[in-house]
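What follows is a short report on a single structure.
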Amino acid sequence: MNSNDWQQEQERLDLITEKLKSRIVELEPKVDQLSNQAADIRKRFWEEVTVNTSTHEDFEESYFTIKQQSAVLSERERSHQLKLQQWKNMNRLLPSPYFGRIDFEEGGLGVSEQVYIGVSSFVDVDGMSFLIYDWRTPIASLYYDYSPGAVAYETPGGLITGRMELKRQYQIRDGQLQNLFDSSLTIGDELLQQVLGKGADAQMKSIVSTIQKEQNAIIRNDKSSMLIVQGAAGSGKTSAALQRVAYLLYKNRERLKADQIVLFSPNPLFNSYVSTVLPELGEENMQQTTFQEYLEYWLGSTVSLEDPFDQLEYVLTEEATPRYDSRLNGIQYKSSEAYLQALQSYAMWLGREGIQFKTIRFRDRDLITIEKMKSQFYSYDPSIRLVNRVGLLQEWLLRELTLLERKEQSAFWVQEELNYLDNEDYAAAYSMLHKEKGVFDFAEEYAKVQEILNKKRRGDEGDFDFVQQEEDLLTRLIVKEHFKPLRQSVKRLLFIDMNELYLQLFRDDAAYREMTGVTEVPKLWPQICEQTTEKLSNLELFYEDATPYLFLKELIEGVRTNTMVRHIFVDEGQDYSMFQYEFLKKLFPRARMTVLGDFNQAIFTQATNLHVVDSPLIRLYGEADTSQFFLVRSYRSTREIVEFTKSILPSGETIVPFERRGSKPLLVRVDSSEKRAERMAADLAALQAEAFASIAVITKTATESRDVYETLAAQGCQELKHITKKTPNFAKGILVIPAYLAKGVEFDAVLIYDASSQAYQRESERKLFYTACTRAMHRLLLYTTGVWTPFIQGLDISLYKEQH
C-alpha cells in the first residue's frame with residue numbers, strides 16, 4: 001500500500017466522519033422534539049377528547065375524534081422511532097464507519113463504483129448517494145463471496161454481473177485508520193488473525209467484518225425451509241446464525257419482526273451469552289428460550305419434569321447402579337425414530353379401542369362414568385380423525401353437563417346453601433331481574449329488596465312472586481358456579497387420562513407389540529417398563545419421556561400451533577431427538593428452521609446425526625426444500641489446540657485449523673489432589689497475570705464442579721465463580737463449570753480439572769471430553785493425579801507438552 005493510497009483513504013475517512021458528526025448533531029434535536037411531542041399527545045389525549053354517547057351522532061363524533069388523535073400519536077411515535085434508529089446507526093458507525101471496500105464495474109456500464117461496507121447504511125444529504133452500504137445489502141455479498149475478477153450477485157430484480165476491480169479491508173479505531181489490506185482471496189488472514197487474537201468476552205460479539213464465504217451462504221439463504229449446518233467446534237456456526245437473523249430482519253423489514261423469530265438455546269446461560277449480538281447490529285433481539293422451557297410450559301402443571309442436565313448427570317455418575325443399563329437403553333429407544341413411529345401407530349390403535357378417560361365426579365359421586373364416555377366416543381364414525389372425535393366428545397360432555405346442571409337445581413344441598421344467602425345476594429339477583437338501562441344504583445335496589453323481604457316475613461304476598469323469581473335465579477346461579485370447574489376441565493380436555501394412556505404402553509411386552517405394531521422391542525424392555533411406570537405413577541417424567549408424552553398428547557388432543565413465528569433456530573441441534581424436531585415443526589407450521597450442530601459434540605444420549613447424507617432431519621421438510629452446509633475450518637482455537645483436540649476424535653482429520661499460532665496444550669501430572677489444587681491455583685494466577693480475563697476450570701459433572709470450586713476457593717483464587725444450570729449469565733473471571741454448560745461458549749484459557757482415565761474412560765464420554773477441550777481459544781491445560789484418559793494416551797507426543 002503506497003503512501004498516496006493511504007492518504008486518500010484517510011481523507012475520505014475524515015470526510016465521512018465529519019458528515020456523520022454533522023448528521024448526528026442535526027438529528028438530535030429532531031429526536032428530542034418528536035419524543036416530547038409524542039409524550040405530550042399521550043399525556044393530553046383524554047383531555048382533548050370528550051366521549052359523548054347521548055345520541056348516535058354524538059357517539060360517532062367521539063369515535064372519529066379518538067381515531068384522529070390516535071393516528072396523530074401513532075405518526076409521531078413512528079417518526080420518533082425512525083429518527084431515533086437513524087441516530088443510533090450514525091453513532092454506531094462513528095468509531096469505525098466501514099470495514100471493507102470493493103470497486104465494482106457493472107457489466108455494460110463501463111463505470112466503476114467504490115462500494116464501502118459497514119454495519120449500517122449511510123446516505124449523503126442528497127438522499128441518493130450511498131457513502132456506506134449495509135453489509136446485508138445485495139451488492140455487499142460480493143465482498144464476502146468473491147476475489148477480484150468476474151462476479152455476480154442476486155437482487156430482487158434479477159442477477160447483476162460485472163467485474164470486481166479491487167477488494168480492500170480496513171481496521172479503523174476512533175475515526176483513525178489503523179490498517180489496510182488488499183485481498184485477492186477471502187477475508188484476509190491478517191484481519192482475521194487480529195480479531196481472533198483478542199481475548200474472549202462474557203458475551204459473543206458480531207463478526208460481520210470477518211464473515212467467510214461459507215458462512216455468508218448460510219446467512220443469505222432465504223429459499224430453503226430447512227437449513228442444516230454441521231460445523232466443527234469453533235467454526236462460527238452460532239455467529240453465522242445470529243448474522244442470519246440480522247440479515248432476515250433487514251431484508252424482510254416490512255413483514256418480519258424480531259418477535260417472529262425464536263432461538264432455541266442449549267441452556268439459559270447461553271441466552272445471556274448471545275444477547276448482545278443483534279443489538280450491536282441495530283436490531284432487536286429475537287425470542288430466546290430452551291426446549292425445556294417449552295416442555296415446562298405445556299406439561300409442568302400436570303407432571304414434574306426431569307431436565308436434560310439431570311439426565312446427563314445420571315448418565316455420567318450412576319454407572320454402578322443396578323438399573324443403569326435399562327435406563328440407558330430406554331433413553332436411546334425413546335429418542336429414536338422407531339419409537340416415534342410406534343406412537344403414531346398407537347394413536348391409530350386408540351382410534352379403534354383402548355382410549356382412557358377420567359370419570360367426571362361431583363360432590364363425591366359419579367356424574368359421567370368412564371364407560372359412558374367410551375361408549376359415546378366409539379359410537380362416532382371410525383373414519384373421523386381421532387382428534388376430531390375427541391372434539392365431538394367434548395361437545396357432548398358439555399351438553400350432558402348442562403342437562404345435569406338443571407337436574408341438580410332441585411338437590412337438597414342447593415336449598416341449604418340458598419338459606420345461608422344474605423340480603424346482598426338477593427340484591428344482586430334482584431338487579432339481574434329488574435335493572436333498567438343506565439346506571440344501576442345498588443343502594444336503592446338493596447333497599448327495595450329489604451322492603452320485599454320484610455313484607456314476606458309479615459305475610460304480605462304482594463311482591464312474593466318477585467322473591468320467588470329471585471330465589472329461582474339464585475338457585476341456578478349457585479349450581480352454575482359449582483359446575484363451572486367441571487366445564488372448565490372439559491374445555492381443557494382433562495377428561496382424557498393422559499398418564500394412563502402413556503402408562504398403557506408399558507404394561508407388558510405383548511400388549512406393546514399389539515398396540516404399536518412393533519415387532520421387536522429394545523433390550524431390557526421389562527426393566528424399562530418398570531422404571532417408566534414407577535416414575536409416572538409419582539406424577540414425574542424422565543426427560544426422555546417428556547417429548548414423546550407431549551407428542552402423544554397432541555396426537556390425541558390436537559396440536560397447539562403458533563402461526564406468528566416465521567423462523568426458528570436450533571443451536572446444538574445434535575442434542576435434539578426426532579420427537580423434538582417433529583414437535584417444533586408442528587408447533588410452528590409456518591416457520592422455516594435452521595439447525596446448527598456438531599455431531600462430534602453430541603454429549604446427550606438422544607443425539608441426532610446431522611452429518612450423514614440421509615439424516616432424518618432431511619425428511620422433515622423434504623430433500624428438495626433442505627440445504628446442508630458443512631463448516632470444517634475451526635477459528636476459535638490456536639492451530640496447536642485444534643491439532644490436539646481433533647486428534648481426540650476418530651474422524652478428526654476432516655477438521656481444518658486456522659493459522660493462528662500459540663502454545664501447545666500442557667498436560668500436568670501431579671501426585672495428589674492437594675498438589676493438583678496448589679498447581680492449578682498457581683497456574684490460574686499466572687494466566688490472570690498474562691491479562692487473560694476469561695478462564696474456565698471445566699469439570700465433568702455438576703457435583704465435581706461444586707467440590708472443585710470449594711477447593712480452589714480455599715487456595716485463595718481471585719475472581720472465582722461457580723456456574724450452575726441456575727446461573728443467569730456469564731461474567732468474566734475464573735468460572736468453575738461442568739462441561740455440558742460450557743457448550744457453545746469460548747474462553748481465553750481452559751483448565752481441565754481431571755483428564756484421567758478414571759474420569760473419562762467410556763467411549764460414550766469421548767465427545768464430552770472433546771467438547772470441554774475445544775472451549776479454549778489461547779491456552780489449554782489438563783491435569784491428572786493418575787493415568788491419562790485413553791482419549792489422549794495414544795496421541796502423538798509432538799501435539800502437547802507434559803510436566804510432572
Side-chain angles (χ1 to χ4, degrees), residues 198-207 233-234 236-239 241-243 245-246 258-259 261-297 307-310 312-313 569-572 575 596 601 603 636 684 687-688 691-699 701-706 708-710 712-713 717-751 753 771-772 774-777:
K198 294 179 180 177
D201 209 332
Q203 292 177 311
M204 183 179 282
K205 298 299 181 184
S206 164
I207 60 159
K237 300 181 295 293
T238 302
S239 296
L242 295 172
Q243 316 307 314
V245 173
D259 60 6
I261 302 175
V262 179
L263 169 66
F264 284 89
S265 302
N267 54 63
L269 274 171
F270 187 81
N271 288 338
S272 74
Y273 181 64
V274 301
S275 62
T276 59
V277 174
L278 288 173
E280 273 184 16
L281 299 172
E283 302 290 354
E284 292 182 31
N285 254 327
M286 67 274 166
Q287 297 187 66
Q288 293 172 248
T289 186
T290 64
F291 196 85
Q292 181 68 14
E293 287 173 335
Y294 259 76
L295 291 175
E296 292 284 356
Y297 178 81
D307 68 39
F309 309 118
D310 288 338
L312 186 59
E313 284 285 326
F569 288 75
V570 180
D571 206 351
E572 302 297 346
D575 291 332
L596 319 153
Q601 298 180 66
I603 62 174
R636 172 186 298 140
L684 288 168
L687 289 168
Q688 287 180 308
F692 288 134
S694 176
I695 304 171
V697 176
I698 299 183
T699 63
T701 66
T703 303
E704 187 181 48
S705 73
R706 184 174 59 251
V708 171
Y709 172 77
E710 292 172 357
L712 292 177
C717 293
Q718 302 296 311
E719 299 182 49
L720 197 65
K721 299 175 180 66
H722 182 212
I723 304 299
T724 71
K725 64 182 181 180
K726 295 183 179 179
T727 305
N729 47 55
F730 280 104
K732 287 190 175 183
I734 301 171
L735 310 185
V736 182
I737 183 171
Y740 53 81
L741 286 182
K743 290 193 75 172
V745 188
E746 58 191 27
F747 305 94
D748 290 330
V750 165
L751 289 74
Y753 175 76
T771 300
T774 54
R775 302 306 94 198
M777 293 177 65

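Since the model is a prediction, treat every value here as computed from it, not as a measurement. Starting from 1, each residue takes its place in the sequence as its number.
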Exercise: identify the closest heavy-atom pair between [X] and [Y]:
{"X": "Phe747", "Y": "Ser694", "value": "CD2-OG, 3.3 Å"}
{"X": "Ser275", "Y": "Asn285", "value": "O-ND2, 2.5 Å"}
{"X": "Leu596", "Y": "Ala241", "value": "CD1-CB, 3.3 Å"}
{"X": "Ala246", "Y": "Leu281", "value": "CB-CD1, 3.7 Å"}
{"X": "Thr727", "Y": "Thr724", "value": "OG1-N, 2.8 Å"}
{"X": "Cys717", "Y": "Leu684", "value": "SG-CD1, 3.9 Å"}

(request) Please list, chain by chain and in numerical order, all residues satisfying salt bridge (Lys or Arg N to Asp or Glu O under 4.0 Å) with Glu283, sequence neighbours excluded. (result) Arg136

(request) Please name all residues satisfying salt bridge (Lys or Arg N to Asp or Glu O under 4.0 Å) with Asp310, sequence neighbours left out, ordered by chain then number. (result) Lys725

Mind checking what makes ring-ring contact (aromatic ring centres under 6.0 Å, His included) contact with [X], not counting sequence neighbours?
{"X": "Phe291", "result": "Tyr576, Phe583"}
{"X": "Phe264", "result": "Tyr294"}
{"X": "Tyr753", "result": "none"}

(request) Start with the C-alpha distance between His722 and Glu710, add both sets of side-chain angles, then the distance that settles side-chain contact (heavy atoms from CB on, under 4.5 Å), and finish with yes or no. (result) CA-CA 9 Å; His722 182 212; Glu710 292 172 357; over 6 Å; no

Spell out, as yes or no, whether a donor-acceptor pair under 3.5 Å connects the side chain of [X] to the backbone of [Y].
{"X": "Thr699", "Y": "Thr701", "value": "yes"}
{"X": "Ser705", "Y": "Ala702", "value": "yes"}
{"X": "Glu280", "Y": "Val277", "value": "no"}
{"X": "Glu296", "Y": "Gln292", "value": "no"}
{"X": "Asp748", "Y": "Ile695", "value": "no"}

[X] vs [Y] side-chain heavy atoms within contact, under 4.5 Å:
{"X": "Val697", "Y": "Leu712", "answer": "yes"}
{"X": "Thr290", "Y": "Pro266", "answer": "no"}
{"X": "Arg775", "Y": "Ile698", "answer": "yes"}

Enumerate, atom names and distances included, each donor-acceptor pair closer than 3.5 Å involving a side-chain atom of residues 735-743, sequence neighbours excluded.
from: Tyr740; atom 1: OH; to: Glu313; atom 2: OE2; distance (Å): 2.6
from: Lys743; atom 1: NZ; to: Glu572; atom 2: OE1; distance (Å): 3.4
from: Lys743; atom 1: NZ; to: Asp575; atom 2: OD2; distance (Å): 2.5
from: Lys743; atom 1: NZ; to: Gln601; atom 2: O; distance (Å): 2.8

(request) Could you tell me the separation between the CG atom of Asn267 and the CD atom of Glu293, rounded to the nearest 0.5 Å? (result) 10.0 Å

(request) Any chance you could measure Phe692, atom CZ, to Lys732, atom NZ, to the nearest 0.5 Å? (result) 12.5 Å

(request) I would like to know whether Thr289 and Leu263 meet side-chain contact (heavy atoms from CB on, under 4.5 Å); could you show each step before the answer? (result) CA-CA 6 Å; Thr289 186; Leu263 169 66; over 6 Å; no

(message) Ile734 vs Lys721, test: side-chain contact (heavy atoms from CB on, under 4.5 Å). Steps then yes/no.
(response) CA-CA 6 Å; Ile734 301 171; Lys721 299 175 180 66; over 6 Å; no

(request) Applying side chain to side chain contact (heavy atoms under 4.5 Å, CB included) between Met286 and each of Val262, Asp259, Leu242, report the one that passes. (result) Leu242

(message) With a 6.0 Å cut-off (strictly less than), is the heavy-atom count around CD of Glu284, excluding the residue itself, greater than 12?
(response) no

(message) Ser265 vs Asp571, test: side-chain hydrogen bond (donor to acceptor under 3.5 Å, both in side chains). Steps then yes/no.
(response) CA-CA 5 Å; Ser265 302; Asp571 206 351; over 6 Å; no

(request) Please report the C-alpha distance between Leu687 and Leu751 in whole Å, then the side-chain angles of each, then the deciding distance to 0.1 Å, and finally whether the side-chain contact (heavy atoms from CB on, under 4.5 Å) criterion is met. (result) CA-CA 11 Å; Leu687 289 168; Leu751 289 74; 3.8 Å; yes

(request) State plainly whether the residues Glu746 and Arg636 are in salt-bridge range, i.e. N to O under 4.0 Å. (result) yes

